[in-house]
Amino acid sequence: MDLVIENVGRRSSTWGGEGDPTDVGPNSLNGRERNALFWNRGNQRFEEVGYLTFANRAEDGRGVAVADYDRDGRLDLAIQNLDKPAVLLMGRGEAGHWLQVKLEGTKSNRDAIGATVIARVGARRTVQQVSAGKGFISSSSLVLHFGLGTAERVDALEIHWPSGQREVLTDVAADQRLELREGEPREMASGGGAPR
């Protein structure tokens with residue numbers, strides 16, 4: 001008997017039927033799983049909190065984009081679903097201090113793809129990289145978001161541009177979005193940050 005597999009992971013007219021594990025109805029093979037959201041508790045510990053935040057939706061989620069859509073300092077999630085409308089989950093509740101960094105390349109590419117930014121607060125060091133895509137059909141904001149907790153300032157913000165240029169801003173106030181142009185941090189910094 002020849003097996004004809006068409007529309008793998010979808011209902012097929014020639015393979016699978018009611019009661020067969022391949023009969024997934026209008027969903028993909030993982031379409032009956034709920035979305036998960038993990039909270040980074042530090043020390044390499046993550047806790048699944050999707051059920052607490054209503055992120056554990058039953059739609060067949062395919063892609064996710066993370067951004068601060070309403071610019072309130074809390075990250076929001078846009079979820080693309082298979083054969084269903086996209087969903088926007090807004091970050092709510094109590095939030096700590098934060099810093100957002102938007103880079104513009106001059107010698108490097110304009111979107112600063114590949115730039116690495118290091119935020120130092122006391123002994124804590126947080127590293128992020130500007131990326132054009134993250135996962136299957138997903139691309140998040142090019143604005144880097146640093147959660148600062150109770151810290152009201154960033155001691156040092158170090159930018160490594162794709163061109164190889166390195167810039168450091170010190171004593172940067174929290175709760176703002178910085179827009180920094182390569183080679184011109186003083187002119188573009190909005191709301192603080194002394195270049196060094």
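Positions are given from 1, in the same order as the sequence printed here.
In terms of heavy atoms, Q165 sits closest to G183 at NE2-CA, 3.4 Å. G73 approaches H145 most closely through the heavy-atom pair O-CE1, 3.1 Å. Across every non-hydrogen atom of R120 and V154, the tightest pair is O-CG1, 3.6 Å. The two residues A112 and V130 come nearest to each other via the heavy atoms O-CB, 3.3 Å.
Annotation: side chain of L180 is in contact with side chain of L169 (closest heavy-atom distance under 4.5 Å). Counting only heavy atoms from C-beta outward, the side chains of F146 and Q128 approach each other to under 4.5 Å. For the pair E158/V117, no side-chain contact is recorded, criterion being any heavy-atom separation below 4.5 Å from C-beta on. In this structure, W39 and L52 have side chains that are not in contact, with every pair of non-hydrogen atoms separated by 4.5 Å or more. Inter-residue side-chain proximity for H160 and I118 is flagged as met; some heavy-atom pair is nearer than 4.5 Å. Between T116 and I159, the closest side-chain pair of non-hydrogen atoms is not below 4.5 Å. Put simply, the side chain of L77 reaches to within 4.5 Å of the side chain of L37, judged on heavy atoms. Two residues are said to be in side-chain contact when any heavy atoms from C-beta on lie closer than 4.5 Å; L99 and L157 meet this criterion.
In the hydrophobic clustering of ILVMFWY residues, with side-chain heavy atoms under 4.5 Å counting as a link, V127 and V172 come out apart. There is a path of hydrophobic side-chain contacts, each under 4.5 Å, that joins V66 to I79. A continuous path of Ile, Leu, Val, Met, Phe, Trp and Tyr side chains, each step under 4.5 Å between heavy atoms, connects L144 with L142, placing both in one hydrophobic cluster.
Atom CD of E167 is separated from atom CG of L103 by 9.0 Å, given to the nearest 0.5 angstrom. In this structure, OH in Y69 is found 9.0 Å from CE in M90, a value given to the nearest 0.5 Å.
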Can you list the steps and then say if R41 with N43 is a side chain to side chain contact (heavy atoms under 4.5 Å, CB included)?
CA-CA 7 Å; R41 302 298 300 258; N43 298 322; over 6 Å; no

Check against side chain to side chain contact (heavy atoms under 4.5 Å, CB included), Q176 and L178:
CA-CA 6 Å; Q176 66 168 322; L178 290 179; 3.5 Å; yes

Apply side chain to side chain contact (heavy atoms under 4.5 Å, CB included) to residues D70 and D76 and explain how you reach the verdict.
CA-CA 8 Å; D70 56 0; D76 310 305; 3.3 Å; yes

After noting the C-alpha distance and the side-chain angles of E179 and R181, does the key distance pass the side chain to side chain contact (heavy atoms under 4.5 Å, CB included) rule?
CA-CA 7 Å; E179 295 184 5; R181 183 177 292 134; over 6 Å; no

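A donor-acceptor contact shorter than 3.5 Å is absent between the side chain of D111 and the backbone of I113. The backbone N or O of F46 lies less than 3.5 Å from no partner atom in the side chain of N40, so there is not a single donor-acceptor pair. A donor-acceptor pair under 3.5 Å is absent between the side-chain atoms of E48 and the main chain of F38, judged by distance alone. Of the possible donor and acceptor atoms, none in the side chain of D171 sits under 3.5 Å from a partner among the backbone N and O of D155. A distance-only check finds no donor-acceptor pair linking the side chain of D68 to the backbone of L75 [under 3.5 Å].
For R110, the CZ atom is loosely surrounded, since the number of other residues' heavy atoms within 6.0 Å does not exceed 12.
Using modelled atom types, one finds a donor on one side chain and an acceptor on the other under 3.5 Å when comparing E182 with S163.
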